[in-house]
Amino acid sequence: MEQIKLFLEGFIVGLGKIIPGVSGSVMAICFGIYERIVSSISNFKEFKNNYKFMAIVGSGVFLAILVGSKMIKFLLINYFVYTMMLFIGMMIPGVLSLFKNVKNEQLTLKRVIVCICLFLFLYILNIANFSSGAIVKESYIHQFISLILCGILDAASTIIPGISGSALLMIVGYYETIITALANILSFTDIMFSVRVLVPFFIGMGIGLVLTSKLITYLFKNARVLTYMMIIVFAVFSIITLLGSVFDFIIDIKTLIFGIIFMGLGFVIAYVLEKIFQ
């Protein structure tokens, strides 16, 4: 029974990985398995002690990514505005809960400067938008390096609570490419495209998981408040960016009204889930 429970928890965390705006690490925190996952990844001795736990949870995550990627791709193609507004609504309760970690903490000049610099960095990254998603127009060397960097970025978001990896991949323009590659592997269509995309992406994820797990352990130990403030900056910027992308597609008042309704629905769903898993 415990193994089934861990598998289902991994499955939900995996769904959180591929839904833009939802943080898989926040779901892991809700289930109480976050610290065990991070310590297992960052420390080889801990991994040896927890290999069975990691295998069960990892299987759930992997299955959710394979099964869910096709469904998410369909929704984004056919109902982009409503789907994205639902996801944005689901982000908001998680962001609000992050503020509890810095409540009553002093807002020092150093912390403000670091957060402003991080926001500006994300803004520049968003403006640069180093890939449009049409990777066929790039040299494969550039594709390979870019996808490794995307893997590292996605891995970092997996470890850092409150940050949606899918939202970050959208910001840099690679979400559609990666979700398409995952969906194609499941249906065995255009398998070579999937291999060319996912091999460097998973290499980057492997590198990013190890490095970020060690970094986040150090940061939480030595600069807990500043770390949470930086996480909040990431989350807020993701919401702003995703809203901007949605409003580019809103062409009439009916779409706007229904979009707002779906955002409210997403908020309610995430809020209820947060209360259930507390």
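Here the structure is a predicted model, which means the values were calculated and not measured. Throughout, numbering of the chain's residues begins at 1 and tracks the sequence.
Under the 4.5 Å side-chain contact rule for hydrophobic residues, Ile232 and Leu120 share a cluster. When the side chains of ILVMFWY residues are joined at heavy-atom separations under 4.5 Å, either directly or via intervening members, Leu215 and Val210 end up in two distinct hydrophobic clusters. One hydrophobic cluster, built from ILVMFWY side chains closer than 4.5 Å, holds both Ile257 and Ile88.
Surrounding OH of Tyr79 are at most 12 heavy atoms belonging to other residues, nucleotides or ligands under 6.0 Å away. Heavy atoms from other residues, nucleotides or ligands lying under 6.0 Å from CZ of Phe53 number more than 12.
Partners of Phe7 under the ring-ring contact (aromatic ring centres under 6.0 Å, His included) rule, at least two apart in sequence or in another chain, do not exist in this structure.
When atom types are taken as modelled, the side chain of Arg111 and the backbone of Gln106 share a donor-acceptor pair closer than 3.5 angstrom. Thr83 places no side-chain N or O within 3.5 Å of a backbone atom of Phe80 that could act as its donor or acceptor partner.
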Does the side chain to side chain contact (heavy atoms under 4.5 Å, CB included) test come out yes or no for Val61 and Phe11, once each step is laid out? CA-CA 5 Å; Val61 171; Phe11 188 85; over 6 Å; no
For the pair Leu265 and Tyr82, evaluate side chain to side chain contact (heavy atoms under 4.5 Å, CB included) and give the outcome as yes or no after the intermediate values. CA-CA 10 Å; Leu265 178 62; Tyr82 303 144; over 6 Å; no
Stepwise, does the side chain to side chain contact (heavy atoms under 4.5 Å, CB included) test hold for Phe247 with Leu256? CA-CA 8 Å; Phe247 276 97; Leu256 176 62; 3.7 Å; yes
Begin with the C-alpha distance, continue with both residues' side-chain angles, and end with the deciding distance and a verdict on side chain to side chain contact (heavy atoms under 4.5 Å, CB included) for Met205 and Ile152. CA-CA 5 Å; Met205 279 205 74; Ile152 293 173; over 6 Å; no
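Going from atom CE of Met229 over to atom CD of Glu105 covers 7.0 Å, rounded to the nearest 0.5 Å. With rounding to the nearest 0.5 angstrom, the CD1 atom of Ile56 is 11.5 Å from the CG atom of Leu8. Atom CG of Leu86 is separated from atom CZ of Phe267 by 13.0 Å, given to the nearest 0.5 angstrom. We find the CZ-CG distance between Arg196 and Leu147 to be 9.5 Å, quoted to the nearest 0.5 Å. Separating the CG atom in Asp154 from the CG atom in Leu169 is a distance of 5.0 Å, to the nearest 0.5 Å. Rounding to the nearest 0.5 Å gives a distance of 9.0 Å between CG of Leu153 and CZ of Phe201.
Of all heavy-atom pairs spanning Ile178 and Cys150, the tightest one is CD1-CB, 4.4 Å. The two residues Gly14 and Ile65 make their nearest non-hydrogen contact at O-CG1, 4.0 Å. Summarising the geometry of Ser146 relative to Tyr174, their closest heavy-atom pair is CB-OH, 3.2 Å, with the distance given to 0.1 Å. When every heavy atom of Gly208 is checked against every heavy atom of Ala155, the shortest pair comes out as C-CB, 3.5 Å. The minimum heavy-atom distance linking Ala181 with Ser194 is given by the pair O-OG, 2.8 Å.
The one candidate from Leu219, Thr108, Val114 that meets the side chain to side chain contact (heavy atoms under 4.5 Å, CB included) condition with Leu226 is Val114.
Ile77 shares a hydrophobic cluster with no other residue; no ILVMFWY side chain has heavy atoms under 4.5 Å from its own.
Within the structure, every pair that satisfies the side-chain hydrogen bond (donor to acceptor under 3.5 Å, both in side chains) test and touches residues 252-270, not counting sequence neighbours, is listed here: Asp252-Thr255.
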